[in-house]
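Step one of this worksheet: look at the structure below.
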Amino acid sequence: MLRISLVGTGIGLALAMSAVAGTASSSPTFNKDVLPILQKNCQGCHRPGEVAPMSLITYKDARPWAKAMKVAVVTEKMPPWFADPKYGHFANDRRMSAADINTLTAWANNGAPEGDAEDAPPPLTFPEGWQIKPDMIVEMPKPFHVKATGTINYQNIKVKVNFPEDTWVVAAEMRAGNPKVVHHMRAIVTPPNASWMANAVYGEAYEEGSEAMTGAKEGTDLLGKYNPGLGAQRFDVDNSAKFVPKGSDIVFNIHYTAVGTEQDDLSKVGLVFAKEPPKRRYWMSPGTPAAFNLMIPAGDENAEVVSEVTVGVDHAELVYVQPHMHLRGKDYELRAIYPTGESQVVFKGKWNFDWQIGYELQKPLPLPKGTRLVAIAHYDNSLNNKYNPDATKDIHWGDQNWDEMQSGFLGLVIDSNTDMAKLFIPSGPSLLPRGKSGPSLATAFGLTK
């Protein structure tokens with residue numbers, strides 16, 4: 001696929017835009033040429049009630065943004081996509097084609113005409129308030145009150161569902177009731193025999209940190225996630241699905257952030273059920289590999305942090321990668337080191353705190369037992385990082401935005417009878433004591449890259 005890359009001065013940018021416009025078909029119009037592109041690439045987020053700041057459903061909506069849209073697509077700011085194209089192929093690749101970029105640019109350069117209404121494709125229909133069409137909606141039984149200021153620890157809220165039978169879920173979508181205060185959240189399946197949250201009062205909030213949450217607890221599983229820009233998640237890769245045992249409930253694990261005024265939140269999760277039992281099970285790691293021992297020195301503009309897990313079961317396949325860091329994060333890489341000693345870069349890309357995207361592998365990647373998954377992340381803890389909360393402090397792992405994390409949510413397809421407790425075993429750099437920096441490739445493996 002042709003990619004457009006612009007470098008140099010603003011004059012160079014303008015010339016490049018003109019060159020792109022010149023290759024487009026003459027006088028594209030909104031209804032005939034632009035609307036189909038927006039429907040295909042943009043309207044999932046750019047519509048009322050979604051995360052984008054403006055709607056692009058109609059000509060009236062889009063026309064004031066024509067020039068901004070041109071700049072956004074030519075500079076590849078939009079659609080948001082941060083994977084390095086040299087590594088991996090992804091089924092949900094959001095990059096816009098060169099032809100579509102040309103069309104949008106030519107439309108904006110020629111006055112953004114509306115065109116004939118009869119040329120417009122039928123409007124897309126979306127489930128009200130959802131990106132999926134849920135078979136079941138589970139909502140917190142009462143609002144959680146978010147204080148105006150101060151630190152808010154992770155909140156766990158158990159919701160009574162009591163699934164009447166073993167259930168397979170092929171898609172889930174979490175919806176923040178109040179996106180202003182919900183940093184991220186998870187819906188976690190708690191089987192009837194689980195001791196974690198067993199004595200919790202339904203609807204009441206209990207505090208627990210992220211480090212305690214990381215690990216498969218007596219069959220608990222991550223059913224759904226919410227991050228800015230993530231959207232709905234599907235679990236039907238190669239006829240797989242997520243398993244929910246009969247009698248299970250759901251725990252909402254939510255990271256709230258104070259915004260200066262008191263707020264309330266009433267979040268929910270929607271589930272789509274499998275029409276028939278799947279052949280395999282989809283499992284999402286609860287934020288592993290993770291570097292709970294991370295140390296980012298004050299002022300370091302390119303601090304490296306490495307974490308690792310070892311696959312402890314047979315017949316596992318990697319299908320999904322979603323990095324997680326905070327405001328100092330720069331980039332994230334995931335390598336697979338196989339039992340044979342061979343290695344492969346599975347994913348490499350820039351980090352954007354405002355768009356925490358998940359990447360769906362185009363083909364499942366087999367991970368033989370004994371494969372090590374090594375995550376390598378870099379951070380800018382210097383004054384040059386305008387998002388840095390405090391460049392004068394050494395930074396450890398922590399739940400709040402002014403702390404840092406280095407973790408990855410990895411989706412695997414596994415046999416239905418897999419022992420979940422053995423699936424991911426922390427290893428290598430993740431077991432080292434906290435040092436003065438890192439752990440890095442150099443301290444963990446004696447490597448420099």
Side-chain angles (χ1 to χ4, degrees), residues 1-48 50-115 119-121 123-124 126 131 228-231 331 348-360 362:
M1 179 185 297
L2 174 64
R3 302 298 305 280
I4 298 173
S5 178
L6 301 179
V7 296
T9 66
I11 295 175
L13 176 63
L15 290 174
M17 287 181 178
S18 299
V20 169
T23 63
S25 57
S26 60
S27 302
T29 67
F30 178 83
N31 287 321
K32 183 178 181 179
D33 305 289
V34 172
L35 183 55
I37 297 173
L38 300 182
Q39 289 181 341
K40 179 174 63 175
N41 296 280
C42 310
Q43 290 184 1
C45 293
H46 285 272
R47 56 187 172 93
E50 289 299 322
V51 296
M54 71 286 197
S55 173
L56 297 177
I57 296 294
T58 67
Y59 177 72
K60 183 179 179 181
D61 294 334
R63 176 61 184 85
W65 300 98
K67 292 183 178 179
M69 289 162 57
K70 175 184 70 173
V71 174
V73 299
V74 170
T75 59
E76 299 183 350
K77 181 180 179 181
M78 288 286 155
W81 186 256
F82 310 108
D84 187 327
K86 296 191 294 291
Y87 303 96
H89 300 280
F90 302 96
N92 63 328
D93 192 332
R94 297 178 176 181
R95 290 176 297 173
M96 192 175 289
S97 71
D100 287 348
I101 293 173
N102 294 349
T103 297
L104 283 174
T105 303
W107 174 68
N109 285 347
N110 285 283
E114 181 176 10
D119 291 335
L124 297 182
F126 298 96
Q131 295 178 358
L230 179 61
D331 55 65
K348 190 172 185 177
K350 296 179 181 179
W351 168 251
N352 187 306
F353 183 78
D354 294 326
W355 291 98
Q356 300 183 26
I357 295 172
Y359 301 87
E360 302 167 8
Q362 195 169 72

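Side chains included, hydrogens not; waters and symmetry mates left out as well; all remaining heavy atoms used. If you're wondering where the values come from, they're calculated on a predicted model, not measured in any experiment.
Here the closest heavy-atom approach between residue A72 and residue T75 is recorded as O-OG1, 3.5 Å. Across A62 and W107, no two heavy atoms sit closer than the pair O-CH2, 4.5 Å. The two atoms that bring Q43 and F126 nearest to each other are O-CZ, 3.9 Å, heavy atoms only. Nearest heavy-atom pair, P121 versus L35, reported as atom, atom and distance to 0.1 Å: CD-CD2, 3.7 Å. When all heavy atoms of A66 and A108 are compared, the closest pair comes out as O-CB, 3.6 Å. Scanning both residues, M96 and C42, for their nearest heavy atoms gives CE-SG, 4.5 Å.
Listed by chain and number, the residues in a side-chain contact (heavy atoms from CB on, under 4.5 Å) with P64 amount to none (sequence neighbours excluded). Under the salt bridge (Lys or Arg N to Asp or Glu O under 4.0 Å) criterion, K60 pairs with no residue at all, not counting sequence neighbours. Shown here are the side-chain contact (heavy atoms from CB on, under 4.5 Å) partners of P48, two or more places apart in sequence or in another chain: S55, I57. A search for ring-ring contact (aromatic ring centres under 6.0 Å, His included) contacts involving Y59 returns F30, not counting sequence neighbours. Listed by chain and residue number, nothing satisfies the ring-ring contact (aromatic ring centres under 6.0 Å, His included) test with Y87 (two or more places apart in sequence, or in another chain). Remark: A68 pairs with W65 by the side-chain contact (heavy atoms from CB on, under 4.5 Å) rule, at least two apart or across chains. Under the salt bridge (Lys or Arg N to Asp or Glu O under 4.0 Å) criterion, D100 pairs with K40, sequence neighbours left out. Taking the salt bridge (Lys or Arg N to Asp or Glu O under 4.0 Å) definition, one finds that R94 meets it with nothing, sequence neighbours left out. Applying the side chain to side chain donor-acceptor pair (under 3.5 Å) criterion to Q131, with sequence neighbours excluded, gives E50. Residues satisfying the side-chain contact (heavy atoms from CB on, under 4.5 Å) criterion with Q362, sequence neighbours excluded, are H89. Remark: D61 pairs with no residue by the salt bridge (Lys or Arg N to Asp or Glu O under 4.0 Å) rule, at least two apart or across chains.
Under the 3.5 Å distance criterion, the side-chain polar atoms of E114 are left unmatched by any main-chain donor or acceptor of N31. Counting only distance, with no hydrogens or angles, the side chain of W355 and the backbone of W81 share no donor-acceptor pair below 3.5 Å.
A side-chain contact (heavy atoms from CB on, under 4.5 Å) with T105 holds for exactly one of T103, N102, I101; it is I101.
With rounding to the nearest 0.5 Å, the separation of CG in N92 from CD1 in I357 is 8.0 Å. One distance of note links CG of D84 with NZ of K350; it measures 9.0 Å at 0.5 Å rounding. To the nearest 0.5 Å, atom CG of residue L124 and atom CG of residue L38 are 10.0 Å apart. Note that CE of M69 is 13.5 Å distant from NZ of K77, once rounded to the nearest 0.5 Å.
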K70/N109 under side-chain contact (heavy atoms from CB on, under 4.5 Å): CA gap, chis, key distance, verdict
CA-CA 9 Å; K70 175 184 70 173; N109 285 347; 2.8 Å; yes
Please step through side-chain contact (heavy atoms from CB on, under 4.5 Å) for the pair F90 and R95, ending with a clear verdict.
CA-CA 11 Å; F90 302 96; R95 290 176 297 173; over 6 Å; no
